[in-house]
Amino acid sequence: MEILLSTTLIIAIAMVFLCIKVILRKNGSFASQHIHDSEAMRERGIHCVMDQDREMRRKSKYAVSERTDNK
């Protein structure tokens, strides 16, 4: 029982620390974790895997085209 209580307390403290920005600011929110939203990644020319795959499919004449229908 003591282990369950201490783990719950540790998780609750971690959640408070994670949510401080959201709780204390008027329009607080978590920063986006997507690569395409990061200015530093865009400056370095780094894209997400989906964008890189799409770009390679357009460039290569041997690539399999993407399906547009949802069958």
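Note that the numbering runs from 1 along the sequence shown for the chain.
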Apart from [X] itself, what residues make up its hydrophobic cluster, given side-chain heavy atom links below 4.5 Å?
X   : value
M1  : none
M41 : I35, I46
M15 : I11, L18

Problem - Point-to-point distance, once rounded to the nearest 0.5 Å, from CD1 of I3 to OG1 of T8 - result: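 I3 atom CD1 to T8 atom OG1 measures 11.5 Å (nearest 0.5 Å).
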Practice task
Could you tell me which residues satisfy salt bridge (Lys or Arg N to Asp or Glu O under 4.0 Å) with D37, sequence neighbours excluded, listed by chain and number?
Solution key: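 Checked D37 against salt bridge (Lys or Arg N to Asp or Glu O under 4.0 Å); zero matches.
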Practice task
Mind checking side chain to side chain contact (heavy atoms under 4.5 Å, CB included) for E39 and listing every partner two or more places apart, or none if nothing turns up?
Solution key: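 For E39, the residues satisfying side chain to side chain contact (heavy atoms under 4.5 Å, CB included) (neighbours in sequence not counted) are R42, E43.
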Problem - Qualifying residues under side chain to side chain contact (heavy atoms under 4.5 Å, CB included), relative to I13, sequence neighbours excluded - result: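 Testing I13 for side chain to side chain contact (heavy atoms under 4.5 Å, CB included), a comparison that skips the adjacent residues, returns L9, F17.
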